[in-house]
Number of protein chains: 2
Amino acid sequence: MATVSRVVNGNPNVKPITRKKVMNAIERLGYRPNAVARGLASKKTTTVGVIIPDISSLFFSELARGIEDIATMYKYNIILCNSDHRLEKELQLINTLLEKQVDGLLFMGAEVKEEHLQALATASIPTVLAATRDPESKLPSVTIDHFQAAYDATMALVKRGHRRIAMITAPMNYPLEGFVRFEGYKQALADSNIPFAEELVVNGTYRYDSGLDGMKQFLALENPPTAVFAASDEMAIGAIHAVQDAGKSVPGDVEVIGHDNIRLAEMVRPRLTTVVQPMYDIGAVAMRLLTKYMNKEQVEDHIVLLQHRIENRESTSFLDEEDE
Amino acid sequence: MATVSRVVNGNPNVKPITRKKVMNAIERLGYRPNAVARGLASKKTTTVGVIIPDISSLFFSELARGIEDIATMYKYNIILCNSDHRLEKELQLINTLLEKQVDGLLFMGAEVKEEHLQALATASIPTVLAATRDPESKLPSVTIDHFQAAYDATMALVKRGHRRIAMITAPMNYPLEGFVRFEGYKQALADSNIPFAEELVVNGTYRYDSGLDGMKQFLALENPPTAVFAASDEMAIGAIHAVQDAGKSVPGDVEVIGHDNIRLAEMVRPRLTTVVQPMYDIGAVAMRLLTKYMNKEQVEDHIVLLQHRIENRESTSFLDEEDE
DNA sequence: CCCAACGTTGCAACCGTTTTCTCTAGCTAT
DNA sequence: ATAGCTAGAGAAAACGGTTGCAACGTTGGG
């Protein structure tokens with residue numbers, strides 16, 4: 001048994017001849033090692049827990065794919081759990097995953113609270129945040145610079161000469177995606193000497209409908225915006241349709257810029273100009289980072305910021321490179 | 001220890017007083033049961049393996065959500081693996097999941113071959129196919145009637161008076177989604193005395209681009225189709241855009257019907273008429289079925305066919321109810 | 001030629017539960 | 001009062017591996 005274990009695990013202290021004999025026996029008997037027993041004995045399960053708000057969302061499923069690809073590369077499996085952004089479910093999932101002795105944890109969710117940190121502290125397994133951060137940056141995380149991204153998006157509209165720039169925000173109780181992006185928007189306005197106008201902001205839910213409704217609300221204004229920055233692509237597309245439904249054109253009458261660059265952005269007309277957030281890469285890098293922690297490798301940067309950029313498509317007007 | 005086990009598992013052979021004492025101790029010591037050890041001893045892991053072609057696809061991520069919701073409901077966790085439709089990877093994943101001692105397996109993939117059945121036979125754990133079937137229907141499965149769905153979609157176009165009806169198929173090496181749907185299309189033509197025309201069929205890849213390209217090809221015909229049935233919504237949307245890019249209108253010049261009803265179908269203009277395949281339900285029902293097998297409950301129907309229907313939106317012309 | 005060192009193998013303890021079986025104490029029935 | 005039960009709790013044997021350590025046979029150097 002011990003020798004079989006060594007063979008299976010590639011331990012070098014086995015004579016090649018013995019190794020071959022064992023291999024043959026394994027083949028002949030159809031022996032399949034029991035990962036659970038192995039996990040108990042070795043205290044390693046080669047499994048990581050992934051807590052994700054909603055796998056059916058275009059954003060998170062892309063992220064999950066990045067996670068899974070890298071996990072596979074490093075021979076880990078993934079236990080995937082949907083949290084629906086509900087705190088209580090998140091905490092319960094952390095607990096369940098710890099019970100299952102996962103080697104590491106990947107957490108996605110809008111907000112990381114003290115409760116999360118406490119729950120995680122009850123076991124000392126490596127945890128990485130993907131597409132989110134905790135307030136005090138205690139946990140390693142992989143994100144983009146949301147403030148800068150929103151700032152850049154707004155600025156892109158300013159550069160096109162707009163003064164009436166609206167924003168459809170993400171839910172404002174999401175610190176990073178809601179609040180910080182909104183701050184970026186405001187800062188860009190301030191830096192451009194454009195007065196902030198309350199009526200040019202609506203709070204969205206991330207969903208298509210809220211973009212549609214938000215834009216309708218803007219269009220009903222006596223002095224409607226000429227450009228809109230939406231905090232998600234779905235909302236941006238909703239906004240475009242609201243404009244079109246009103247008999248106006250994008251980008252002719254209103255220019256629209258979205259956020260994330262989900263695949264959808266290329267599959268609508270006009271195609272959507274958007275802030276590209278590298279979802280796949282965030283997942284992949286987060287998982288890679290996690291493997292380092294699980295291997296107890298030294299890590300230089302706990303907080304990694306990935307690059308964002310603006311992909312110009314037809315929902316905004318053409319702008320000469322030099323103007324940017 | 002034995003008593004603790006009984007308390008944790010809700011075994012009734014424990015005096016209430018003892019139970020309370022144990023509970024207190026658990027609380028006080030922050031004891032967390034080790035699911036791996038439990039799995040070894042009980043031979044149950046409360047984990048099921050899910051093999052899915054690509055979680056980042058709109059179709060499968062919706063399905064996965066259905067699976068996960070029901071799994072959670074029955075206290076199972078999910079190990080999720082992407083196969084990319086690659087046979088070798090599928091087989092390897094089956095093996096890995098069996099090593100991990102999953103209690104059941106949920107398989108998605110275009111084709112189920114003899115190799116799959118053999119790999120599964122090496123361990124006798126319940127397996128359910130979701131959105132696919134094996135040729136001899138040996139394994140339990142949850143799908144819709146693909147032949148009928150394609151037939152209905154084509155007929156819907158026939159009823160609108162079309163005689164030049166094109167089809168953009170799914171990959172033809174996918175038996176169910178490719179071949180069977182194509183058969184449904186042909187049968188509908190035959191039943192309507194419409195001659196089958198080779199040039200009105202292109203093989204798609206499921207992707208947006210292949211719909212776009214396929215439609216371009218049709219439009220270049222000297223006698224182009226007046227209606228198109230695409231085997232996926234993405235391709236249908238691609239087709240619509242090809243029509244629009246050619247300066248024609250949908251549904252004015254060409255009517256388009258898609259397949260699946262992914263969320264995207266409602267987020268384009270014109271909104272897409274499509275065959276709704278209840279992805280979430282397929283996942284949910286498949287998982288529910290699997291729980292029955294895992295509990296060794298008696299199951300009446302191994303093969304379950306879910307209902308499909310056609311959702312009429314603006315990519316097809318209005319048709320009086322009575323005509324249908 | 002002998003002994004030390006090394007490479008290889010097997011033994012046995014251990015991982016943290018579940019589960020069966022045994023044992024004890026307290027009851028009931030006679 | 002005593003035999004017979006029963007409920008509850010503990011002891012111990014799995015579960016199927018990993019791993020430290022002892023034992024063993026070789027080999028090479030002195």
(request) Establish, with yes or no, whether the OP1 or OP2 oxygen of C:dT18 is under 4.0 angstrom from a side-chain nitrogen or oxygen of B:Asn9. (result) yes
(request) Could you pull out all residues at least two apart from A:Glu297 that satisfy side-chain hydrogen bond (donor to acceptor under 3.5 Å, both in side chains)? (result) A:Asn295
(request) Using a cut-off of strictly less than 4.0 Å, decide whether B:Lys43 has a side-chain nitrogen or oxygen near OP1 or OP2 of D:dG16. (result) yes
(request) Side chain of A:Leu40 only, please: which of D:dG17, C:dT19, D:dG16 is the nearest? (result) D:dG16
(request) Pick out which of A:Ile282, A:Leu129, A:Val128, A:Ile67 makes a side chain to side chain contact (heavy atoms under 4.5 Å, CB included) with A:Met108. (result) A:Ile67
(request) I would like to know whether A:Lys113 and A:Glu115 meet salt bridge (Lys or Arg N to Asp or Glu O under 4.0 Å); could you show each step before the answer? (result) CA-CA 5 Å; A:Lys113 296 191 175 180; A:Glu115 282 110 311; 5.5 Å; no
(message) Treating primed atoms plus P, OP1 and OP2 as sugar-phosphate and everything else as base, which nucleotides of nucleotides 7-14 of chain C get B, S or - for protein heavy atoms under 4.0 Å?
(response) -SBBB---
(request) Hey, could you give me each pair passing ring pair (Phe, Tyr, Trp, His ring centres under 6.0 Å) that has a residue in residues 43-88 of chain A? Not counting sequence neighbours. (result) A:His85-A:Tyr174
(message) Give me each pair satisfying side-chain hydrogen bond (donor to acceptor under 3.5 Å, both in side chains) with a member in residues 34-46 of chain B, each pair once, sequence neighbours excluded.
(response) A:Lys100-B:Thr46, B:Thr45-B:Asp103
(request) Starting at atom NZ of A:Lys44, determine the distance to atom C1' of D:dG16, rounded to an integer number of angstrom. (result) 19 Å
(message) Could you work out how much the helix from C:dC1-D:dG30 to C:dT30-D:dA1 bends, comparing the axis of its first five pairs with that of its last five, to 10°?
(response) 50°
(request) Step through it carefully: locate the ring centre of B:Tyr293, locate the ring centre of B:His302, and say whether they are under 6.0 Å apart. (result) yes
(request) Sort and list the pairs that fulfil side-chain hydrogen bond (donor to acceptor under 3.5 Å, both in side chains) and have at least one residue in residues 125-136 of chain B, not counting sequence neighbours. (result) B:Arg133-B:Ser137
